[in-house]
Student: 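Got a structure for you, written out below as structure tokens; questions coming shortly.
No experiment lies behind these values; they were computed from the predicted model shown. One-based numbering, in listed order, for ligands and for the atoms of each.
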Amino acid sequence: MTGKHDPCCEGAGSPASPRLWTVDEHLADVLAAVAPLPPIELQLLDAQGCRLAEDVRAADDLPPFDNSSMDGYALRTADTVRATEQYPSVLAVVGDIAAGAADLPKVGPGQAARIMTGAPVPPGAEAVAPVEWTDGGTGTGLAADAMGAPVADEEVRVLRPVAEGAHIRRRGSDVTAGDTVLEAGTVLGPTQLGLLAAIGRGTVKVAPRPRVVVLSTGSELVQPGEAAGPGRIHDSNSFTLTAAATAAGAVAFRVGGVPDEADTLRAVLEDQLGRADLIVTSGGVSVGAYDVVKEVFADYGGVARGGAAGFSFRRLRMQPGKPQGFGRIGGGPGVPLLALPGNPVSAYISFELFVRPVIRTMLGAPDVHRPVVRAATTAALRSPAGRRQFLRGRYDPAAGTVSPVGGEGSHLVGALARADCLITVPEDTTALPAGSAVDVVLLTD
Ligand code: AMP
Ligand code: MG
């Protein structure tokens, strides 16, 4: 161990042989510390992609009234029984009904009303003849008599019989008042939001997206777009982790490149606590001399929870991603924080294994974990004893095979970007010949 003491390695025996935790133990502890966020009422478009937290019932019928599905003439069917192209039925046009009209003419025997798509079917009418089934009407519209009452100045010739109900969209034919139109748990996409709008809902109760603050630590970090300079590297973790949080369903905020200075880190955390349901950090959790993250989080957890037990650092039986920290920081119940190792591959795999399930749990999603499939490895694999290894791979579903991508190094971001899955090698396995069946965690949604 280099540098200063290890501030709180939970469950440590002697400093030389701290307890190692399994991936499953750590995941169980992390998930036990979080719960679905309480539902909130959102405007429809703010709820896109969210899961409904209520059964939605329609207050009214849809359509709310009988209306025309065509531009044409609303009429009585008896008037068209003998209509042909040669001997059309000639009807007097008694009105003109636009979509949105509230004042409707009454259609009597021998009469018709010009009607537009979506306009209410007037009293007396039993069907709509589309314009194409007529001569299109004569004259230019309506005149008024001396008393201001409408007088038909137009006739329409109907060229064929029109059946009862033709081209009428009946009230309630889509949705009946009282129907459950969407069930709790439904993810709201464009058509579900449209349905909510159609039944008149302005807001809806949903499981909110967790607000996740992603913060990368390291005095060596330079933001992309700026020249790195000697000894410096570009901060990639904050981008990977923020994008991964968004993909998991969170609203993610990226805070890149906090230097390894305890005061600065404390100040940034203070700033971020207010907008976070979850904080994810990268870097500073191993045993290096400048790993201030451990120091700062141990303090925070301790203050918030009345003791150092509020935040713990562990070593896991996994590769990569051995050092992990988690707990709650800040006042009151605190905000859950997962402190991931800084190596880019370790940070990403740790996110997939621990942070993504936390976000999915907060969302109340049924699919908390990534799908795992069995596949035959196309290459021989090696793995350290006592560690569950996660190798980057490419999965071929047609062949049922998986091929390792790149090497084992946890700095290999080039290979990581070509991978679409993680190949798992169990703790007790140190070597697997090509063709062996392995568990494969699929990273594609
Ligand atoms: P640490 O866990 O802070 O000791 O970092 C381990 C390794 O990961 C070092 O080589 C760091 O330079 C690298 N690293 C840490 N944070 C980042 C980051 N945000 N982006 C890219 N590499 C990082
Ligand atoms: Mg560091």
Side-chain angles (χ1 to χ4, degrees), residues 1-9 18 20 26 212-246 252-269 272 278-299 311-316 318-327 337-355 387 390 392 406-419:
M1 219 179 264
T2 56
K4 62 184 185 301
H5 73 295
D6 186 358
C8 73
C9 184
L20 292 174
H26 186 63
V212 178
V213 168
V214 174
L215 194 154
S216 55
T217 69
S219 295
E220 73 278 32
L221 301 178
V222 173
Q223 292 310 297
E226 291 167 24
R232 314 284 301 271
I233 59 165
H234 287 119
D235 166 21
S236 63
N237 288 349
S238 67
F239 289 87
T240 313
L241 300 176
T242 305
T246 304
F253 306 107
R254 189 186 74 87
V255 182
V258 180
D260 293 312
E261 298 157 10
D263 289 344
T264 311
L265 182 56
R266 269 190 210 101
V268 172
L269 284 173
Q272 299 299 328
L278 172 69
I279 300 178
V280 180
T281 66
S282 83
V285 293
S286 51
V287 293
Y290 300 98
D291 288 345
V292 296
V293 167
K294 295 179 85 167
E295 192 183 309
V296 169
F297 293 167
D299 287 356
F311 210 91
S312 50
F313 293 94
R314 292 177 167 179
R315 290 180 170 74
L316 304 190
M318 70 182 272
Q319 186 187 61
K322 186 177 170 192
Q324 301 281 340
F326 93 105
L337 186 152
L338 277 86
L340 313 182
N343 274 309
V345 177
S346 314
Y348 175 65
I349 290 177
S350 303
F351 182 98
E352 285 295 337
L353 294 181
F354 307 119
V355 184
R387 303 277 197 88
F390 295 92
R392 281 64 70 201
E408 287 170 22
S410 51
H411 61 293
L412 301 173
V413 290
L416 182 63
R418 291 195 302 277

Student: With a 4.5 Å limit on heavy-atom distance, are the side chains of Asn343 and Pro320 in contact?
Tutor: no
Student: How are the rings of Phe311 and Phe297 set relative to one another: parallel (under 30°), tilted (30 to 60°) or perpendicular (over 60°)?
Tutor: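 Rings of Phe311 and Phe297: tilted, as their planes differ by 30° to 60°.
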Student: Under 4.0 Å from a heavy atom of Thr217: give me the atoms of ligand 1 that qualify, with their elements.
Tutor: 16 (N)
Student: Output the list of atoms in ligand 1 that are nearer than 4.0 Å to some heavy atom of His234, sorted by atom number.
Tutor: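 Near His234, the atoms of ligand 1 are 20 (N), 21 (C).
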Student: Does Val413 come within less than 4.0 angstrom of ligand 1, counting non-hydrogen atoms of the residue?
Tutor: no
Student: A side-chain contact here means heavy atoms from C-beta on lying under 4.5 Å apart; do Leu340 and Asn237 qualify?
Tutor: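 The answer is no, as the side chains (C-beta and beyond) never meet within the 4.5 Å cut-off.
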Student: Looking at Phe239, I'd like to know if the NZ or CZ of Arg254 sits under 6.0 Å from its six-membered ring centre while staying within 45 degrees of the ring's axis.
Tutor: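 Yes.
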Student: What protein heavy atom is closest to atom 18 (C) of ligand 1, reported as residue, atom name and distance in Å?
Tutor: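 Its nearest protein heavy-atom neighbour is Asn237 ND2, 3.2 Å.
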Student: Which residue and atom name correspond to the protein heavy atom nearest atom 23 (C) of ligand 1, and how close is it?
Tutor: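 Its nearest protein heavy-atom neighbour is Gly342 O, 3.4 Å.
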Student: Relative to the heavy atoms of Asp235, which atoms of ligand 1 are at a distance of less than 4.0 Å?
Tutor: 18 (C), 19 (N), 20 (N)
Student: Say whether, by atom type as modelled, one donor and one acceptor occur between the side chain of Arg392 and the main chain of Phe390 under 3.5 angstrom.
Tutor: yes
Student: In the protein, which heavy atom is nearest to atom 12 (O) of ligand 1, and how far is it?
Tutor: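 For atom 12 (O) of ligand 1, the nearest protein heavy atom is Glu220 OE2, 2.6 Å.
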Student: Report yes or no: does Ser286 have a heavy atom closer than 4.0 Å to ligand 1?
Tutor: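 In this structure, Ser286 qualifies as a contact of ligand 1 - some heavy atom is under 4.0 Å.
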Student: Nearest protein heavy atom to atom 1 (P) of ligand 1, by residue and atom, and its distance?
Tutor: Gly284 N, 3.6 Å
Student: Heavy-atom distance under 4.5 Å between the side chains of Val292 and Thr217, does that happen here?
Tutor: no
Student: Between ligand 1 and His411, can you find any atom pair, the residue atom being a heavy atom, that is separated by under 4.0 Å?
Tutor: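 No, His411 has no heavy atoms under 4.0 Å from ligand 1.
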Student: Using a 4.0 Å cut-off to any heavy atom of Ser216, which atoms of ligand 1 qualify?
Tutor: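 Here the atoms of ligand 1 in question are 19 (N).
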Student: With no hydrogens and no angle check, is any side-chain donor or acceptor of His234 less than 3.5 Å from a backbone partner on Glu226?
Tutor: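 Yes.
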Student: What protein heavy atom is closest to atom 21 (C) of ligand 1, reported as residue, atom name and distance in Å?
Tutor: Ser236 OG, 3.4 Å
Student: Using distance alone, decide if ligand 1 has a nitrogen or oxygen within less than 3.5 Å of any nitrogen or oxygen in Asn343.
Tutor: yes
Student: Using a strict cut-off of 4.0 Å, indicate which atoms of ligand 1 neighbour a heavy atom of Ile233.
Tutor: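 Going through ligand 1 atom by atom, the ones under 4.0 Å from Ile233 are 12 (O), 21 (C), 22 (N), 23 (C).
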Student: With distance as the sole test, does Asp235 use its side chain to make a donor-acceptor pair with the main-chain N or O of Ser238 at under 3.5 Å?
Tutor: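 Side chain of Asp235 to backbone of Ser238, a donor-acceptor pair under 3.5 Å: yes, one is there.
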Student: What's the shortest heavy-atom distance between Gln223 and Gly257, and which atoms?
Tutor: NE2-N, 3.6 Å
